[in-house]
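Take this structure first; my questions come after.
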Amino acid sequence: MELLDRDILGGFAFRWLHILVGIAWIGLLYYFNFVQVPGLAAYGDEGKARNITIVNIAQRGLWWFRWAAVATLATGILITGIVDDYFKGFMGEDSVFGIGHNVSISVGMVLGITMAANVWMIIWKNQKVVIANAANVLNGQEADPNAAACGRRALLASRQNMIFSVSMLFFMVGASHFYNVFARTASPGDAWLFFFIAIAISALLQLNCLGIFGGTAPTNKLLWPYENHKNAIISSFVLWGVLWILSEIILG
Ligand code: HEM
C-alpha cells in the first residue's frame, strides 16, 4: 500500500485530490465569469428568465463552487502537514525544500486562501441575498431593494478571484517545477522582499475589489479590471506578468 506511505500520501495522493477539487472550483469560477454572468446580462429585461436561471442554475453551481473551494483549501493545507518537514527552515538557507520552492508556494497559498475567503465571505454572503430575492420575486413577492448592490459586490469579488487565479496557479505549480530550480540559490532577504511585494500588490487589488478606494459604483475608474470579463482576463495576465518579472529580478 504505497499510497499510505506518508510522503506519497501527501506528495502524491493529496496532490491529486487537491488538483481534482481545484479544477472543480476554478472550472466553476470560469463558468460563472465567462458564461453565466454574460449570459444573464444578455437576457436584458427578461426578468423572469433571469430569476429562473438564478434559482435553478446559479444556486446549484454555487453549492459545488463553495464546497470545492473548501476541499481545495483543506487538501492544500493537508499536503503541507503530511509531507515530512514541508516548511522546515522556511525561507532560511537550510530550508528542506529550498527557498525558491517555499517562497513560490507561499505566494500561491496566500492568493488561494484569499480566493477561498472571497468565495465564502463576499461571493456567497451576497449571492444568498440575490438568490432569495429571485425566488421571492418568482413567487410574486416584493423585490429586495438591496439585491442589486449585493449582486454587484459578489461580481467584483468573483472577477478579482478570476484575476488572482492565473498567478495563483503559476506560483502553485511553479513551486516544485520552476522556482525550486531557478530560485534555489536566492537569499532569504530577497525571498522575503519578493514575498512582501507580491502580497502588497495583491492586497491592494483585493481592497480595490471591495470598493475601499472610491466605492463599488461603475463610475469608479479604479474598478476598470472588473467591469467586464475581458478586462478581467487582461488584468489577470498583467498581474501575472508583473509578479513573474519581479520574481526574475529579485530572486534570479
Ligand atoms: C485554496 C488554497 C490552496 C492551498 C492552501 C494550496 C496548497 C498547495 C500545496 C501545499 C501544494 C504543493 C506544492 C508543492 O510543494 O509542490 C499545491 C500544489 C498545487 N495546487 Fe494548490 N493550493 C490551493 C489552491 C489551489 C487551487 C485553487 C488550485 C487550482 C487548480 C490548485 C492547484 C494546484 C496544483 C496544480 C498544484 C501543483 C501540483 C504539482 O505541480 O505537483 N491549488 N497546492
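Quantities reported herein were computed from a predicted structural model and do not represent experimental measurements. These numbers come from the heavy atoms of this one structure, side chains and all, not from hydrogens, waters or symmetry mates. Read the numbers this way: they start at 1 and go in the same order the structure lists the ligands and their atoms.
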**Message:** Checking the side chain of D85 only, and the main-chain atoms of K88 only, is there a donor and an acceptor separated by less than 3.5 Å?
**Reply:**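 Not confirmed, D85 side chain does not pair with K88 backbone.
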**Request:** Could you tell me the residue and atom name of the protein heavy atom closest to atom 9 (C) of ligand 1, and the distance to it rounded to 0.1 Å?
**Result:**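 Nearest protein contact, heavy atoms only, for atom 9 (C) of ligand 1 is I105 CD1, 3.6 Å.
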**Item:** Side chain, backbone, both or neither: the part of L73 lying under 4.0 Å from ligand 1 by heavy atom
**Value:**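 Contact part for L73 vs ligand 1: both backbone and side chain.
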**Item:** W25 and Y30, any side-chain heavy atoms less than 4.5 Å apart
**Value:**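 No - every pair of side-chain heavy atoms lies 4.5 Å or more apart.
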**Request:** Specify the protein heavy atom at minimum distance from atom 40 (O) of ligand 1: its residue, its atom name, and the distance to 0.1 Å.
**Result:**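 Of every protein heavy atom, H177 NE2, 2.7 Å lies nearest to atom 40 (O) of ligand 1.
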**Message:** Can you report which non-hydrogen protein atom sits closest to atom 41 (O) of ligand 1, along with the distance?
**Reply:**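 Answer for atom 41 (O) of ligand 1: R15 NH1, 2.5 Å.
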**Request:** If the plane angle is over 60° it's perpendicular, under 30° parallel, otherwise tilted; pick one for W192 and F195.
**Result:**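 Judged by the thresholds at 30° and 60°, the geometry between W192 and F195 is perpendicular.
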**Request:** Pull out every atom of ligand 1 sitting under 4.0 Å from any heavy atom of T80, numbered as shown with elements.
**Result:**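 This gives 10 (C) as the contact atoms.
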**Asked** Who passes side chain to side chain donor-acceptor pair (under 3.5 Å) against R6, sequence neighbours left out?
**Response**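 Result, side chain to side chain donor-acceptor pair (under 3.5 Å) vs R6: D84.
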**Message:** If the cut-off is 4.0 Å to any non-hydrogen atom of Y86, which atoms of ligand 1 fall inside it?
**Reply:**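 Counting from 1, the qualifying ligand atoms are 10 (C), 12 (C), 13 (C), 14 (C), 15 (O).
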**Prompt:** Numbering the atoms of ligand 1 from 1, which are under 4.0 Å from a heavy atom of H101?
**Reply:**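 Within the 4.0 Å cut-off of H101, ligand 1 contributes 14 (C), 15 (O), 16 (O).
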**Within less than 2.8 Å of atom 21 (Fe) of ligand 1: protein N, O or S atom count** =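 There are 2 of them.
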**Request:** Using atom types as modelled and distance alone, determine if a side-chain donor or acceptor of R159 lies under 3.5 Å from a backbone N or O of L155.
**Result:**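 No, because the side chain of R159 does not come within donor-acceptor range (under 3.5 Å) of the backbone of L155.
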**Item:** Parallel, tilted or perpendicular, as decided by the 30° and 60° cut-offs, for the rings of F34 and H229
**Value:**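 Judged by the thresholds at 30° and 60°, the geometry between H229 and F34 is tilted.
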**Message:** Less than 4.5 Å apart, side chain to side chain, heavy atoms only: is that true for S106 and F171?
**Reply:**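 With C-beta onward as the side chain, the pair stays apart.
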**Request:** Measure the acute angle between the ring planes of Y86 and F97, then classify it against the limits of 30° and 60° as parallel, tilted or perpendicular.
**Result:**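 Rings of Y86 and F97: tilted, 30 to 60°.
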**Asked** Do any N or O atoms from the side chain of N33 and from the backbone of L29 form a donor-acceptor pair under 3.5 angstrom?
**Response**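 Checking the backbone N and O of L29 against the side chain of N33, a donor-acceptor pair under 3.5 Å is found.
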**Asked** Polar-atom distance check: W25 versus ligand 1, any N or O pair below 3.5 Å?
**Response**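 In this structure, W25 places no N or O atom under 3.5 Å from an N or O of ligand 1.
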**Asked** Of all the atoms in ligand 1, which lie at a distance below 4.0 Å from a heavy atom belonging to S176?
**Response**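 Taking each heavy atom of S176 in turn, ligand 1 has 14 (C), 15 (O), 16 (O) under 4.0 Å.
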**Message:** Show me which atoms of ligand 1 lie under 4.0 Å from any heavy atom of V173.
**Reply:**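 So the atoms of ligand 1 that pass are 35 (C), 40 (O).
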**Item:** Lys/Arg N to Asp/Glu carboxylate O, E227 vs R152, below 4.0 Å
**Value:**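 Result for this pair is yes, salt bridge flagged.
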**Prompt:** Which word best sums up how the rings of W240 and W244 line up, parallel for under 30°, tilted for 30 to 60°, or perpendicular for over 60°?
**Reply:**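 Rings of W240 and W244: parallel, as their planes differ by under 30°.
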